[in-house]
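In what follows, a single structure is set out as structure tokens and then discussed.
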Amino acid sequence: VWDKSENGDWHCTASWKTHSGSVWRVTWAHPEFGQVLASCSFDRTAAVWEEIVGESNDKLRGQSHWVKRTTLVDSRTSVTDVKFAPKHMGLMLATCSADGVVRIYEAPDVMNLSQWSLQHEISCKLSCSCISWNPSSSRAHSPMIAVGSDDNSPNILAKVQIYEYNENTRKYAKAEALMTVTDPVHDIAFAPNLGRSFHILAVATKDVRIFTLKPLRKELTTSGGLTKFEIHIVAQFDNHNSQVWRVSWNITGTVLASSGDDGCVRLWKANYMDNWKCTGILKGNGSPVNGSSQQGIFNASLGSANTSLQNSLNGSSASRYFFPPLDSPRAGSRWSSHAQLLPPPPLIEHSCDADTASLQYPHPRRRCVSRPLNLLPENEGV
Amino acid sequence: PSSSRVFVVRKDQDIYIQTLRKLFNESHGIFIGLQRSEEELAGKSRKAQLVQVSKNYRSVIRACMEDMHQAAISTRDPALHSQYSTQVSILSAMELIWNLCEILFVEAAAAGPLLLRLLDWVRLHVCDVDNMVREVLSSENPSKHELFWNAANRWFLQVDVFVLQGRMDEARHLLAKEASANPTSVNMYKTLDDLMKKMPVPSLGNTQTLTEMELKWQHWHEECQRYLQDGTFASNSHMESICKILLGDEDAILEKKELLTTWYQFLVTRLLYSHPTVKPMELRFYAQACMDLFLGGESSPEPLDTILMAAFEFEMHQVIKECSIALSNWWFVAHLTDLLDHCKLLQSHNLYFGSNMREFLLLEYASGLFSHHSLWQLGVDYFDHCPEYGRVYLELHIERIPLNTEQKALKVLRICEQRQMHEQVRSICKIMAMKALRNNRLGSALSWSIRAKDAAFATLISDRFLKDYCERGCFSDLDLIDNLGPSMLLSDRLTFLGKYREFHRLYGEKRFSEAAKLLLMLMTAHIAPCSFWMTLLTDALPLLEQKEVIFSAEQTYELMRCLEDLTAGKSDKQKFQDDDVETMKVEMLRLALARNLARVIVKEGTLEGS
């Protein structure tokens with residue numbers, strides 16, 4: 001566990017070995033419940049941890065203490081994901097296992113983290129690799145969980161399933177299966193809901209896919225009230241050119257980050273006409289891939305991406321200005337220019353590469369020097 | 001080999017640049033002012049208002065530029081120096097674009113004034129001869145440049161620059177010097193001076209119509225033509241070239257390319273001397289032609305060129321789009337688009353999310369501000385003015401602000417409360433309460449749960465307080481509990497806590513009969529939880545042992561009843577498990593109660609004064 005100190009540095013304040021197998025995932029509970037973590041592991045268990053505030057000395061030494069509040073041992077196979085439910089559902093979490101069972105636990109007393117009861121067991125029939133809760137707290141939406149599978153079995157079953165809580169039967173039932181996803185799924189994530197009626201789901205599989213799920217009228221079957229969805233794929237990107245392992249949304253569900261076997265993190269964003277495009281590529285160490293990611297408007301001199309810009313700066317052009325009394329008149333001014341926004345008219349389709357191309361051409365020397373600011377014509381009236 | 005490190009990546013770096021802080025803060029003020037400005041003003045007054053807003057924005061950009069410039073010249077670090085210089089250049093470009101948009105879109109200058117505005121526009125971003133010369137001299141191949149050959153006669157160049165910018169008076173002033181240095185050309189000079197003096201320019205006021213001006217101009221143009229053709233200036237190439245420029249001779253103007261330095265300066269010069277009454281809609285043709293001529297196929301347009309061209313073509317959306325691509329900070333496009341929207345110039349597309357471009361850009365800009373530890377407060381106001389998604393964006397962002405200090409939490413809370421964001425208020429208070437509780441700051445936890453109106457949590461914390469009291473014999477956070485006031489009623493346990501503390505206070509103030517009454521009431525009114533009754537009864541002991549009789553007979557009977565209820569409630573097994581202390585306590589109580597009863601019966605039975 002890392003903590004951010006007052007001066008903005010991150011320090012590792014706790015590190016402990018506990019599971020007897022690889023730890024697959026960790027996840028935070030909402031801070032309303034305190035400092036709570038859950039972990040899941042190949043050792044068939046999931047655990048819930050709470051931070052205990054220790055002696056004041058520890059704080060000075062930058063240490064934090066975590067105690068295990070409970071171990072969930074119901075699974076007979078590796079537990080591949082653990083996620084807390086949205087806070088409006090109380091203190092609840094879901095786990096999924098390699099044998100295809102999704103378990104939902106609840107702690108009825110939020111102050112007592114050692115008491116968890118198994119509320120639901122859902123059998124997905126496929127080995128599960130990931131789950132995601134639908135974060136929507138709208139009363140129009142029942143609790144919903146998406147389950148992804150990385151099953152390699154030859155029968156081509158949909159690798160993403162949606163389970164919805166049925167108020168009448170008080171059970172979770174399968175509402176949808178995304179038939180178009182037939183490759184192993186490594187990660188799945190619902191986007192935050194901004195008051196929309198429909199849901200957005202990102203899937204990490206052999207490529208990045210974004211789906212919308214629009215609820216249709218509830219079918220009045222005997223089991224009552226299961227929602228039917230209209231499913232659309234709004235984006236599919238194979239830019240990683242390899243398996244995509246993780247997908248994650250920003251706070252407003254407007255930017256999706258994906259990571260893949262190509263060693264890159266890619267950022268995806270929809271413009272206001274709802275066309276999804278790549279807005280950035282980062283290498284494993286966080287540095288932007290050449291000219292592809294947004295830099296400051298004021299091109300700070302960091303990173304290798306800068307040098308390619310500098311090269312194109314050396315020619316001068318009508319757009320270059322520099323400020324007179326400086327001793328090095330050659331202060332180049334070319335803008336750092338990287339698309340962060342994918343702009344309105346659908347006319348121009350800018351891919352990442354096109355943006356970089358616009359930077360690199362030679363110019364003759366056309367330079368303009370701007371005067372000191374105090375020489376403004378009188379009728380500026382400012 | 002795989003790295004086992006975690007990297008923290010951040011976008012929107014600009015918000016962390018100290019010198020830009022002013023830009024963000026002051027433009028925020030202008031933005032809010034614009035949103036609240038009088039929509040009822042119509043026509044000219046509204047337009048004047050909007051133009052003033054635009055000027056205000058530009059002045060903020062310039063102020064920032066000045067600061068940045070100061071930073072650049074005062075730093076010794078070459079990397080910083082270069083960074084600041086670049087920033088200055090970019091701000092300058094931003095001002096250039098904004099200024100043009102103000103002229104063409106906000107003010108929508110008509111033919112006549114349009115040219116004057118454009119002249120002002122290029123003059124603001126003017127080229128200083130000295131620097132030009134220095135540039136040339138320090139370049140790789142100085143002799144390639146015409147400037148080099150004329151460098152000796154700097155004022156020569158300066159005259160040309162003034163002429164190219166239409167600054168007749170200044171040009172004439174310098175020309176006089178040239179004339180005095182060459183007595184033979186006095187007559188030539190006089191003629192030229194006269195022509196320059198007489199040149200008709202569009203007026204801002206209503207002193208002449210466009211047609212009148214055009215006529216005058218036509219005459220003047222012809223007069224210049226005559227002098228040129230007569231060979232009046234033949235013997236002085238400099239003056240001859242000036243005359244040609246006055247006539248709008250394209251080649252003559254282009255010869256001064258290095259003094260013009262930019263294609264749009266070239267454009268304005270051309271317009272000044274060939275078509276001063278140019279109409280807004282005609283600009284695009286001249287602009288394209290001038291850019292092509294000036295660049296002459298040697299180079300392709302750069303982002304700035306494309307943006308300016310889009311403006312001349314009155315393609316507002318294109319301008320915004322190109323700016324968005326070229327600038328990776330939303331500040332510029334968000335504020336400009338908002339202004340244009342207020343000018344009712346942007347059609348709204350029907351978007352996927354039901355929002356429009358103005359809102360989209362403002363949401364992006366404001367979201368970027370939220371990752372900053374103090375600028376987020378500006379972001380709040382921007383969200384407020386996004387009717388479709390502003391509120392939900394604010395709800396999502398405000399919950400994620402790190403609440404490192406109580407002050408910050410209170411600030412955030414105030415913002416939520418002002419906007420009736422009840423769920424966020426509750427959530428933030430809960431988070432703060434939990435944090436306090438974990439750190440054993442019970443008082444803080446209690447006050448947060450009261451603020452959150454979280455009865456359950458308040459109960460829990462009250463229990464902790466009471467437990468603490470039982471263990472330690474004293475209360476912590478007395479101030480808080482003493483001043484609960486009406487919030488005491490949030491939960492029964494909390495009420496009990498408050499009242500119990502009041503009991504102790506009364507006792508401390510030796511107001512024994514009031515204390516006694518309160519104590520009894522706590523049990524009989526069932527405000528006290530059963531688990532606490534023993535403690536309460538034990539608290540009654542000192543009151544029973546006082547020299548003076550405090551409890552009345554009736555009260556004593558009540559107390560006895562409470563004690564019996566308590567002990568009767570226990571099963572035999574429990575009684576067996578009670579340790580000696582417990583049994584002794586009960587015994588002592590029984591004894592004390594009995595003694596008190598005895599005394600009080602006597603007292604109440606006695607007649608006063610007998």
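Order of the sequence lines fixes the chain letters, A, B, ..., with proteins taken first and strands second; residue numbering starts at 1 for each chain.
If you measure heavy-atom distances from B:Arg391 to chain A, you find no contacts under 4.5 Å at all. Contact of B:Ile428 with chain A is not made at all, since no heavy-atom distance falls under 4.5 Å. Only the side chain of B:Arg400 comes within contact range of chain A, judged by heavy atoms closer than 4.5 Å. Heavy-atom distances place the side chain of B:Phe457, and not its backbone, under 4.5 Å from chain A.
Looking only at heavy-atom pairs under 4.5 Å with chain B, the residue among A:Glu50, A:Glu51, A:Glu32, A:Glu6 that has the most is A:Glu32.
To the nearest 0.5 Å, the span separating OG1 on A:Thr252 from CZ on B:Phe370 amounts to 11.5 Å. Atom CD of B:Glu399 sits about 9.5 Å away from atom CD1 of A:Ile251, to the nearest 0.5 Å.
Residues B:Lys430 and A:His30 have side chains not in contact (no heavy-atom distance under 4.5 Å, counting atoms from C-beta outward). By the 4.5 Å heavy-atom criterion applied to side chains, A:Lys87 and B:Ser427 are counted as neighbours.
Under the rule for a side chain to side chain contact (heavy atoms under 4.5 Å, CB included), the partners of B:Val392 that lie at least two apart in sequence or sit in another chain are A:Leu194, B:Tyr389, B:Glu395, B:Leu396. Residues satisfying the side chain to side chain donor-acceptor pair (under 3.5 Å) test with A:Ser137, not counting sequence neighbours, are none.
Minimum interatomic distance between A:Val53 and B:Arg438 (heavy atoms only, all atoms of both residues): CG2-O, 3.4 Å.
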